[in-house]
Undergrad: 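One structure, pasted below without further comment.
Bear in mind that the values here come from a model prediction, so they are computed numbers and not experimental data. Just so you know, these numbers use all the heavy atoms, side chains as well, and skip hydrogens, waters and symmetry mates. Labels below follow one simple rule: chain letters A, B, ... track the order of the sequence lines, proteins then strands, and each chain is numbered from 1.
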Amino acid sequence: MQLSEQETIRRENLQKLRDLGIDPYPAEKFEITAYSREIKEEFSEEGEAPNFQQVSLAGRLMSTRVMGKASFAELQDSAGRIQIYVARDEICPGEDKELYNTVFKKLLDIGDFIGVKGFVFRTRMGEITVHVKELTVLSKSLRPLPIVKRDEEGNVYDAFTDPEQRYRQRYVDLVVNPHVRDIFLKRSRLISAMRRFFDGRGWLEVETPILQPIHGGAAARPFRTHHNTLDMPLYLRIANELYLKRLIVGGFEGVYEIGKMFRNEGMDRTHNPEFTSMEIYVAYKDYNWMMEMVEQCLEYVALEVTGTTQVEYEGKVIDYAGPYRRLTMFEAIEQYTGVDISGMDEAALRDACRKLHVEVDPTMGKGKLIDEIFGEKVEDHLIQPTYIIDYPIEMTPLAKKHRSREGLVERFELFVNGKEIANAYSELNDPIDQRQRFEDQLRLAERGDEEAMALDEDFLRSLEYGMPPTSGLGIGIDRLAMLLTNQHSIQEVLFFPQMRPKASLHERQQDKEQISE
RNA sequence: GAGCCCGUAGCUCAGUCGGCUAGAGCACUUGACUUUUAAUCAAGGGGUCCUGGGUUCGAGCCCCAGCGGGCUCACCA
């Protein structure tokens, strides 16, 4: 491998450290007693003895300003950055000035991990700073980091911004771009807040199979794989709905799972082949109850993640405090198109689509036509959290028939900023009805619908044993994370979004494999 | 899948109409400097111009093909 000049120098510095008897990768632990942020927030010169008189902290060296026998540098730990002051005669009190003159000034590079011990003070310029008395090399960095600089006004220079490099080398992105770190901290808080909310109500977090012999519970193309010992095909799950309902059959009152789903479909700003979903099922409830639960949950989560229920997204303020507006599918279409389609048959719907300039094709049935009108004319208007309820039965094979409205099911979707983020039903628990719905799907599959749902005989058997009335909900965690962090691409809320391998990298890996064989 | 745009030093970017040895800032190297903060000052080194063809006396620039990325649209929950 061809090393750049800077990489060569760092490897030479590594060897020189070893020649001086300094281990660049020491094994022993380093005791940390303080973090950059707490020092900056809590340091006080009040009283006789200021606090933080003896601190020990560790992190990456991110910049140095050497002025002869004294230097300032910045240390970045897990909480942020703090300035350190390194004076020659402080870290080298004796005759031997090598630790400062050679190790600190020459052999340390930006990106190296070091540990420092000393006391906190405030410089003439007013900067809270750690005055270093002891300095330890903790780990040498062999590649130059992109250096991002900020001036007094907060202007950023030479930011590491190329999306391709940021996603392929997320570790670098995280080191040099603090706002990226914040997004992922918020994502983590989102998931833990949601978990806390459910756990607080006594519902059980569970895990169900990711490798499934039948990919059920949603309409999507799956990833296919093969188990060698069983010599059988397996699919990566596109949903976990049917397994969670089996657990309701088994007697749990509330179960939820937060985990990855896999769909072998297109990728864009809002789709990654693997994504995180939260699904929850609660017995003896219906979709009306679920709408109230979602309002409470999202209000709580928004507060925990952002500190407010009014969260800015793309210049708009989205208010997650409930209750949310509720419109039936038919009401929503009437409101935004002026056309009442509630009594229409397929031919009349087709006519309505023509008048509304909604493109359709002959294979579309009644449910699909309604969905097209909705997608074209309504969705974009649903900025504030809005429930759309009562969907046509044709498109929803796992939801219970509406208690009073013919041809509809008890389903809602929650829209925020024109995008669906949650989907819920009063779950279908009539095993005979469920079998018929699966059979309808089979007929769609025979007509060439690649995404029609497969019939799951074991799931039907479980329903035949009896499932209590149950309401179920799915939330797209990545899309919710985008909304709560004001990000416009799913790649910005995934640590490692899927990327096409670079040819050069791929070849290099093949080379390595050949070498190791 | 279609259209548009992009790919030059470790990072961010210039590069004119195709014309000298491909530039800048930061980073790096050497030297000066004991409270600096985008530290400063002086000197210096660093390039597979994404890859492969082609046109041309001459290509970072023009043409063709490919690879990778971004945006928009389509498809898809």
Side-chain angles (χ1 to χ4, degrees), chain A residues 2-10 12-13 62-74 81-91 100 105-106 109-111 121-129 131 141-169 172-173 175-177 217-221 238-239 261 263-271 273 275 277 359 361 371 375 379 395-396 413 415 419-423 449-451 474-476 478-479 488-489 491 497 499-507:
Chain A
Q2 194 64 37
L3 291 180
S4 71
E5 181 194 33
Q6 295 196 44
E7 289 172 306
T8 306
I9 288 165
R10 283 169 182 244
E12 286 167 6
N13 289 346
M62 293 304 287
S63 71
T64 54
R65 293 182 285 278
V66 177
M67 293 160 305
K69 300 183 185 66
S71 301
F72 288 92
E74 281 180 296
R81 280 192 198 184
I82 191 163
Q83 179 167 270
I84 62 174
Y85 174 73
V86 183
R88 188 192 67 182
D89 297 335
E90 296 285 336
I91 64 167
Y100 182 79
K105 277 172 69 175
K106 306 260 191 211
D109 293 297
I110 286 172
F121 75 112
R122 194 183 294 270
T123 64
R124 272 185 219 153
M125 305 299 289
E127 184 85 14
I128 293 169
T129 302
H131 187 122
S141 164
L142 297 182
R143 283 177 187 263
L145 283 170
I147 298 301
V148 182
K149 295 207 167 192
R150 283 167 196 81
D151 67 14
E152 282 173 8
E153 284 90 45
N155 299 313
V156 176
Y157 299 83
D158 299 332
F160 182 63
T161 52
D162 178 11
E164 181 171 0
Q165 292 203 76
R166 288 183 46 236
Y167 304 149
R168 287 190 195 278
Q169 301 188 55
V172 175
D173 192 28
V175 170
V176 304
N177 288 326
R221 297 226 304 272
I238 58 173
M261 303 297 154
R263 297 190 181 176
N264 205 343
E265 294 173 343
M267 295 165 60
D268 62 24
R269 212 174 68 257
T270 56
H271 297 81
F275 61 98
S277 123
E359 278 189 39
D361 67 62
D371 195 54
E379 265 188 27
M395 310 195 60
T396 317
E413 290 188 322
F415 287 83
K419 301 265 163 34
E420 178 222 327
I421 66 158
N423 182 20
D449 185 345
E450 281 189 78
E451 296 180 341
I475 293 181
D478 310 287
R479 292 188 187 172
H488 318 298
S489 162
Q491 296 171 114
M499 301 286 277
R500 199 183 290 274
K502 280 201 134 175
S504 57
L505 271 175
H506 191 67
E507 283 160 15

Undergrad: For rC5(B) versus rC62(B), give the span between their P atoms, rounded off to a whole number of Å.
TA: 12 Å
Undergrad: Between rA27(B), rU35(B), rU29(B), which one does the side chain of Ile110(A) approach most closely?
TA: rA27(B)
Undergrad: Produce a footprint string for nucleotides 71-77 of chain B: one letter per nucleotide, 5' end first; B if the base is under 4.0 Å from any protein heavy atom, S if only the sugar-phosphate is, - if neither.
TA: -S-BBBB
Undergrad: Give me the atom names and distance for the closest heavy-atom approach of Met267(A) to Pro273(A).
TA: CG-CD, 3.7 Å
Undergrad: Between Thr64(A) (side chain only) and Val66(A) (backbone N and O only), is there a donor and an acceptor less than 3.5 Å apart?
TA: no
Undergrad: Measure CD1/Ile84(A) against C1'/rU35(B) and give the value in whole Å, please.
TA: 14 Å
Undergrad: Looking at rU40(B), which nucleotide sits across from it as a Watson-Crick or G-U wobble partner, both distances under 3.5 angstrom, or is there none?
TA: rA32(B)
Undergrad: Between CD of Gln491(A) and CG of Asp268(A), what distance do you get to the nearest 0.5 Å?
TA: 9.5 Å
Undergrad: Heavy-atom distance under 4.5 Å between the side chains of Arg263(A) and Phe275(A), does that happen here?
TA: yes
Undergrad: Report the residue (Ile147(A) or Asp162(A)) whose heavy-atom-nearest nucleotide on RNA chain B is the more 5′ of the two.
TA: Asp162(A)
Undergrad: Which value, in whole Å, describes the distance between the C1' atoms of nucleotides rA39(B) and rG45(B)?
TA: 23 Å
Undergrad: Measuring only the P atom in each nucleotide, how far is rG54(B) from rC11(B)? A whole number of Å is fine.
TA: 30 Å
Undergrad: So which nucleotide from rU35(B), rU34(B), rU30(B) ends up closest to the side chain of Ala87(A)?
TA: rU34(B)
Undergrad: Side-chain contact test, heavy atoms from C-beta onward, threshold under 4.5 Å: evaluate it for Arg479(A) versus Lys419(A) and give yes or no.
TA: no
Undergrad: To the nearest angstrom, how far is Asp89(A) atom CG from rU35(B) atom C1'?
TA: 15 Å
Undergrad: Counting Watson-Crick and G-U wobble pairs only, both distances under 3.5 Å, name the nucleotide matched with rC62(B), or none.
TA: rG54(B)
Undergrad: Could you tell me how far apart Arg143(A) (CZ) and rC28(B) (P) are, to the nearest whole angstrom?
TA: 17 Å
Undergrad: For the side chain of Arg65(A), starting at C-beta, report the closest nucleotide among rU37(B), rC26(B), rU30(B).
TA: rU37(B)
Undergrad: Describe the nucleic acid contact of Lys419(A) in one word from base, sugar-phosphate, nothing, applying a heavy-atom distance below 4.0 Å.
TA: nothing
Undergrad: Would you say the side chain of Glu265(A) lies within less than 4.5 Å of the side chain of His271(A), judging by non-hydrogen atoms?
TA: no
Undergrad: Gln165(A) CD to rU12(B) C1': how many Å, rounded?
TA: 11 Å
Undergrad: Which whole number of Å gives the distance between the C1' atom of rA22(B) and that of rA14(B)?
TA: 11 Å
Undergrad: In whole Å, what separates the C1' atom of rC50(B) from that of rG69(B)?
TA: 11 Å
Undergrad: Taking atom C1' in both rC64(B) and rU55(B), what distance in whole Å separates the two?
TA: 11 Å
Undergrad: According to the Watson-Crick and G-U wobble definitions, with both distances under 3.5 Å, which nucleotide is paired to rG46(B)?
TA: none
Undergrad: Apply side chain to side chain donor-acceptor pair (under 3.5 Å) to Tyr85(A) and list each qualifying residue two or more places apart in sequence or on a separate chain.
TA: none
Undergrad: Where the side chain of Tyr157(A) is concerned, which of rU12(B), rG10(B), rA38(B) is the nearest nucleotide?
TA: rA38(B)
Undergrad: Give the minimum heavy-atom separation between Phe160(A) and Val172(A), together with the two atoms involved.
TA: CE2-CG1, 3.7 Å
Undergrad: Among residues at least two apart in sequence or on other chains, which ones pass salt bridge (Lys or Arg N to Asp or Glu O under 4.0 Å) with Glu164(A)?
TA: Arg168(A), Lys502(A)
Undergrad: Applying the Watson-Crick and G-U wobble criteria at under 3.5 Å, what pairs with rC4(B)? Answer none if nothing qualifies.
TA: rG70(B)
Undergrad: Provide the distance between the two P atoms, one in rG25(B) and one in rC17(B), to the nearest whole Å.
TA: 25 Å
Undergrad: For the side chain of Asp109(A), starting at C-beta, report the closest nucleotide among rC11(B), rU29(B), rU34(B).
TA: rU29(B)
Undergrad: Quick one: list whatever passes salt bridge (Lys or Arg N to Asp or Glu O under 4.0 Å) with Arg65(A), sequence neighbours left out.
TA: none
Undergrad: Out of rG69(B), rU34(B), rA39(B), which has the shortest distance to the side chain of Lys149(A)?
TA: rA39(B)
Undergrad: Nearest-nucleotide wise, let me know which of Tyr85(A) and Leu145(A) is further upstream toward the 5' end of RNA chain B.
TA: Leu145(A)
Undergrad: Please report, rounded to the nearest Å, how far the P atom of rU35(B) is from the CZ atom of Arg124(A).
TA: 6 Å
Undergrad: So which protein N/O to nucleotides 2-9 of chain B N/O distances come out below 3.5 Å?
TA:
none

Undergrad: Distance check needed: rU35(B) C1' versus Ile91(A) CD1, whole Å only.
TA: 16 Å
Undergrad: Give a yes/no on whether any side-chain N or O of Lys105(A) is located under 4.0 angstrom from OP1 or OP2 of rG31(B).
TA: no
Undergrad: Figure out the CZ/P separation between Arg10(A) and rG10(B), and round it to whole Å.
TA: 13 Å
Undergrad: Choosing from rG68(B), rG70(B), rU34(B), which nucleotide comes nearest the side chain of Arg500(A)?
TA: rG68(B)
Undergrad: How far, in whole Å, is rG23(B) from rG19(B) if one measures between their P atoms?
TA: 14 Å
Undergrad: Hey, is the side chain of Arg168(A) poking within less than 4.0 Å of OP1 or OP2 on rG69(B), counting only N and O atoms?
TA: yes
Undergrad: Examine distances only and state if a side-chain atom of Tyr100(A) and a backbone atom of Ala70(A) form a donor-acceptor pair shorter than 3.5 Å.
TA: yes
Undergrad: Describe the nucleic acid contact of Thr161(A) in one word from base, sugar-phosphate, nothing, applying a heavy-atom distance below 4.0 Å.
TA: sugar-phosphate
Undergrad: Do the side chain of Glu74(A) and the base of rU37(B) come within less than 3.5 angstrom through a donor-acceptor pair of N or O atoms?
TA: no
Undergrad: Searching all strands shown, indicate the nucleotide that pairs with rC26(B) (Watson-Crick or G-U wobble; both distances under 3.5 Å).
TA: rG10(B)
Undergrad: Answer yes or no: is there a donor N or O on one side and an acceptor on the other, between the side chain of Arg10(A) and the main chain of Arg143(A), under 3.5 Å?
TA: yes
Undergrad: Find the distance between CD (Glu420(A)) and CD1 (Ile475(A)) and round it off to the nearest 0.5 Å.
TA: 10.5 Å
Undergrad: Is there a donor-acceptor pair closer than 3.5 Å between any side-chain N or O of Asp109(A) and the backbone N or O of Ser141(A)?
TA: no
Undergrad: With Thr129(A), which of Arg122(A), Glu74(A), Gln83(A) fulfils side-chain hydrogen bond (donor to acceptor under 3.5 Å, both in side chains)?
TA: Gln83(A)
Undergrad: How does protein reach along nucleotides 40-51 of chain B, written 5' to 3' as B (base within reach of a heavy atom under 4.0 Å), S (only sugar-phosphate), or - (no contact)?
TA: -----BS-----
Undergrad: In whole angstrom, give the distance that lies between atom CZ of Arg221(A) and atom C1' of rG1(B).
TA: 12 Å
